[in-house]
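Here's the structure, in C-alpha cells; my notes come after.
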Amino acid sequence: MAQQEPEVTPVMAKKRGSKPRAKGIGIMSPAKHGFEFGGPIGAAGITLGLPLACFLATFVCNDISGCPVPSVLHPSTLTLEKLKQEVGWPENGIWGLASYEVTGWLLGYYLLSLILQGILSGDEIEGVALRSGGRLKYKFNAFFSATLTVAIAVAGTVAQGPDFVLWTFIWDNYLQLLTASIGISFAIAFFVYFKSFTVKPGKPGYRELAAGGHTGNKIYDWFIGRELNPRIALPILGTIDIKVFCELRPGMLGWVLLDLAFVAHQYKTYGYVTDSIAIVTLFQSIYVFDALWMEPAILTTMDVTSDGFGFMLAFGDLVWVPFIYSLQAKYLAVYPLQLGLKGTLGVAIVQGIGYFTFRSANNQKNRFRTNPKDRRVSHLRYIETKSGSKLLVTGWWGMARHINYLGDWIMGWTYCLPTGIAGYVIQHVSDGKRVVQGEARGWGMVVTYFYIAYFAILLIHREMRDEEKCEQKYGDDWKEYQKKVRWRIVPYIY
Ligand code: NDP
C-alpha cells in the first residue's frame, strides 16, 4: 500500500453549514501525556475482556434456551455440558466460532464500503489544524454510501421477503460474524501500530503521533493508538483515512443492518413486526443516519483531533458498536413484545426530548464555532479565551459543560425501554418452541439495559478526559468558564 501524499490546501470546507472550525483555532495534539484507561494493565484487561463480553452477550441471551440461559438462574445445577447445550456452543468446538466463508463475506462488505467511499462523489473538507500547522483533507459521502447500501437491502427484501439472503445470512452466522469482526479489529490495530513507526517527525506529510499514544509501552501504545491519523492510499479508490472510515462506515451501518436482520427474523418467526422492535430500529437508525448526515462534525471530535487510532477505537467502532448496541433488537427478535399505543408514545416522547437536547446543543456549538454571526447563535454570550477560541456561557452550553451528552444518554433509554421487564425462557413443546417469560422475567434486563449503564460510564469518563484537555488548553480561562457553568453533564445534579 502506497503512502499518502500530503494533502493540505487553504480552507475550503463547503458542506451543509457544519464545516470544521475555522482557521486560527489552536493547533491540536499537545505534547505527550500520561496513561489513561488504567495504563498497560487496564489496556490488556480491556483488550481481553471486551471481546469476551461480546461472546458472553451472544451466548447468554439466545434463541435456544432463553435470555438469560436457564443455568445462570440455577448455578447449583450448572454443568459444562448443560451450559454448552443451552448456549448453543458449536458442535465442532472453538473452531465453530469462526468460518472462512463468513469472514470472506464480511471482508467483501468492508470492500464494498471502501469502494463506495472511493467512487461516489463527496465533498472534500479540511480537518482542524495539525501540530505541523497543516490540515488534512477528507472526502465525505458516508450518508449517501449507507443510504445506497440500505436501499439495495430494501430492494432485496421487497423481492424476497424476510428470507432475503442478507438477513438469513446475518441471523444464521451471527457468531461467526462477531468473531470475524473481532479478528478484523485486531488486524487493523496491528497494521496501524506497525505503520506508525514510519512516521518521521519533522518531515512533511502531515503524519504525526497522537499525544497520548507514544508512551513507549508497547501494549498500551498498541491499544490507545500511536498515530493520530493513519491513512492508506489505495489504487483507484484514493486516500482512505482509516480512523474516520472505521468511525462512520462499516460499524455504524453494520449496526443498522443487524437491527434490520433482527426485524426480518421476528417477522419470519411470528408473521408480524412488533412496535417495540420497530421503534428501537427506527430510533437507532435515526441516530446512525444523523451522525452520517453530520459527517463533517466528526472532524472536531476528540476521537479525531486528539486520540490516536489503535485497538480501542478499532474494536469500539467495528465490534462494540454494531454487536453490543444492537442487543435490544436481537432480544426483541425472539421475544416479540408489544408496547401498545401508550407505551410507544411514551418512548417516542423520551426520544424527542433526548434528540432535541442532543442535536440542538451540538448544532449550537457547531454554528457558533463556524459562523458566530448566524442569527440563531449571535445573541449568545461567551468568554473570549487567550487561545483565541470562544466559549459559550449561555444557551445549551450555559446549562452544563456537556449538555449534549445528557441528550445522547436520554436517547439511549429509548433503545432499552422497549424491551420492558426483559427476560424469557424457551420451552420446547411438541409443536415447536414456546417463548415465555417465566422465571427469567427481569433477568434479561442485565443484557437489554446494559447499554444505558455502559453509556453513562463512557460519557462520564469522556467528559473527564475532555475536561482535562480543556484545562490544559485554556488554563485560567477554563476555571472562569467552570465558575460560570457549574454543572458537568446534568444541570443541578452532576
Ligand atoms: P463535544 O461535541 O462535546 O465537544 C467538546 C469540545 O467542545 C471541547 O473539547 C471544546 O473544544 C469545545 N467546547 C467545550 N465547551 C464549549 C463551549 N462552552 N463553547 C464552545 N465550545 C466548547 O465532543 P465529543 O466528541 O465528546 O461529542 C460529540 C458528540 O458525539 C456528542 O453529542 C456525544 O454525545 C457523541 N458521542 C457518542 C458516542 C457513542 O458511542 N454513541 C461516543 C462519543 C461521543 P475546543 O478545544 O474546540 O474548545
Side-chain angles (χ1 to χ4, degrees), residues 18 20-22 24-30 127-129 247-248 251-252 255 283-284 286-288 290-291 294-307 312-313 315-317 319-322 324-325 354-370 372 377 380-412 415 451-452 454-475 477-478 480-489:
S18 52
R21 65 191 76 180
I25 290 298
I27 289 165
M28 305 314 296
S29 329
V128 298
E247 288 251 329
L248 288 176
M252 289 285 261
W255 178 11
F283 291 161
Q284 295 189 343
I286 290 174
Y287 189 77
V288 168
D290 176 88
M294 304 301 293
E295 193 178 8
I298 196 171
L299 297 183
T300 53
T301 61
M302 199 197 314
D303 294 13
V304 171
T305 58
S306 343
D307 292 346
M312 182 181 78
L313 277 181
F315 181 85
D317 295 340
V319 184
W320 194 257
V321 167
I324 296 295
Y325 289 19
Y355 184 75
F356 178 67
T357 311
F358 165 83
R359 186 43 51 228
S360 315
N362 283 331
N363 280 351
Q364 197 169 71
K365 173 160 69 77
N366 212 24
R367 283 188 190 119
F368 176 73
R369 280 292 171 85
T370 52
V377 292
L380 296 173
R381 278 191 281 134
Y382 54 84
I383 51 174
E384 193 123 29
T385 67
K386 289 176 213 74
S387 78
S389 303
K390 294 168 181 159
L391 295 171
L392 286 165
V393 291
T394 57
W396 286 105
W397 296 81
M399 291 185 212
R401 301 200 289 274
H402 269 102
I403 193 84
N404 54 342
Y405 288 1
L406 177 64
D408 209 342
W409 191 67
I410 292 172
M411 281 195 287
Y415 311 154
Y451 176 80
I452 206 68
Y454 145 80
F455 201 42
I457 295 168
L458 179 144
L459 292 175
I460 289 170
H461 181 243
R462 193 177 174 89
E463 191 275 337
M464 287 171 174
R465 294 179 73 214
D466 193 50
E467 191 82 1
E468 202 180 306
K469 181 212 96 176
C470 290
E471 271 167 14
Q472 274 180 19
K473 180 175 169 183
Y474 294 117
D477 291 325
W478 191 255
E480 191 196 331
Y481 173 59
Q482 283 174 321
K483 273 189 209 139
K484 286 196 181 340
V485 184
R486 201 176 141 203
W487 305 101
R488 286 171 179 265
I489 300 176

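Hydrogens, waters and symmetry mates are skipped; everything else that's a heavy atom, side chains included, is used. We count ligands from 1, going down the list as the structure has it; atoms in each ligand are counted the same way.
- For the pair Asn404 and ligand 1, the shortest N or O to N or O distance falls below 3.5 Å.
- Looking only at atom types and distance, the side chain of Gln472 has no donor-acceptor partner in the side chain of Trp478 under 3.5 Å away.
- Only the side chain of Asn362 comes within 4.0 Å of ligand 1, counting heavy atoms alone; its backbone N, CA, C and O stay farther away.
- Among the atoms of Leu392, some N or O lies under 3.5 angstrom from an N or O of ligand 1.
- Heavy-atom separations between Ser389 and ligand 1 are all 4.0 Å or longer.
- Ligand-side atoms of ligand 1 in range of Tyr474: 45 (P), 46 (O), 48 (O), range being under 4.0 angstrom from any heavy atom.
- Classified by interplanar angle (parallel below 30°, tilted 30° to 60°, perpendicular above 60°), the ring pair Tyr451/Tyr415 is tilted.
- Under 4.0 Å from ligand 1, not a single heavy atom of Ala297 appears.
- Near Asp408, the atoms of ligand 1 lying under 4.0 angstrom from a non-hydrogen atom of the residue are 33 (C), 34 (O), 35 (C), 36 (N), 37 (C).
- The shortest N or O to N or O distance between Tyr325 and ligand 1 is under 3.5 Å.
- Side-chain contact between Thr300 and Arg369 is absent, with no heavy atoms from C-beta onward closer than 4.5 Å.
- Less than 4.0 angstrom separates some heavy atom of Tyr481 from each of these atoms of ligand 1: 15 (N), 17 (C), 18 (N).
- Taking the side chain as every heavy atom from C-beta outward, Tyr481 and Thr385 never approach each other to under 4.5 Å.
- Proximity annotation for atom 43 (C) of ligand 1: of Arg462, Arg369, Lys365, Arg462 comes nearest, heavy atoms only.
- Remark: ligand 1 atoms within the under-4.0 Å shell around heavy atoms of Tyr287 are 37 (C), 39 (C), 41 (N).
- Contact analysis puts Phe455 in contact with ligand 1, with a non-hydrogen atom separation below 4.0 angstrom.
- Counting heavy atoms from C-beta on, the side chains of Tyr474 and Glu480 never come closer than 4.5 Å.
- A donor and an acceptor atom, one from each side chain of Gln364 and Trp397, are nowhere located under 3.5 Å apart.
- Between Arg401 and ligand 1, not a single N/O pair is under 3.5 Å apart.
- Listed by number with element, the atoms of ligand 1 under 4.0 Å from a non-hydrogen atom of Thr301 are 25 (O).
- Between Tyr451 and ligand 1, no pair of N/O atoms sits closer than 3.5 Å.
- Annotation: Phe455, atom CZ; neighbour count of heavy atoms from other residues, nucleotides and ligands within 6.0 Å is above 12.
- The backbone N or O of Leu392 lies less than 3.5 Å from no partner atom in the side chain of Arg381, so there is not a single donor-acceptor pair.
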Item checked: Derivation and outcome, salt bridge (charged side-chain N to carboxylate O under 4.0 Å, His left out), residues Asp303 and Arg462 -> CA-CA 10 Å; Asp303 294 13; Arg462 193 177 174 89; 3.0 Å; yes

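- In the vicinity of His402, heavy-atom distances shorter than 4.0 Å reach the ligand 1 atoms 3 (O), 5 (C).
- Taking every heavy atom of Lys473 and a limit of under 4.0 angstrom, the matching atoms of ligand 1 come to 45 (P), 46 (O), 47 (O), 48 (O).
- Note on ring orientation: taking the six-membered ring where Trp is involved, the planes of Tyr325 and Trp255 are perpendicular (angle over 60°, cut-offs 30° and 60°).
- Among Tyr355, Phe283, Phe356, the one residue that satisfies the side chain to side chain contact (heavy atoms under 4.5 Å, CB included) test with Met411 is Tyr355.
- Close approach of ligand 1 to Met302 is summarised as follows: ligand atoms under 4.0 Å from at least one heavy atom of the residue are 25 (O).
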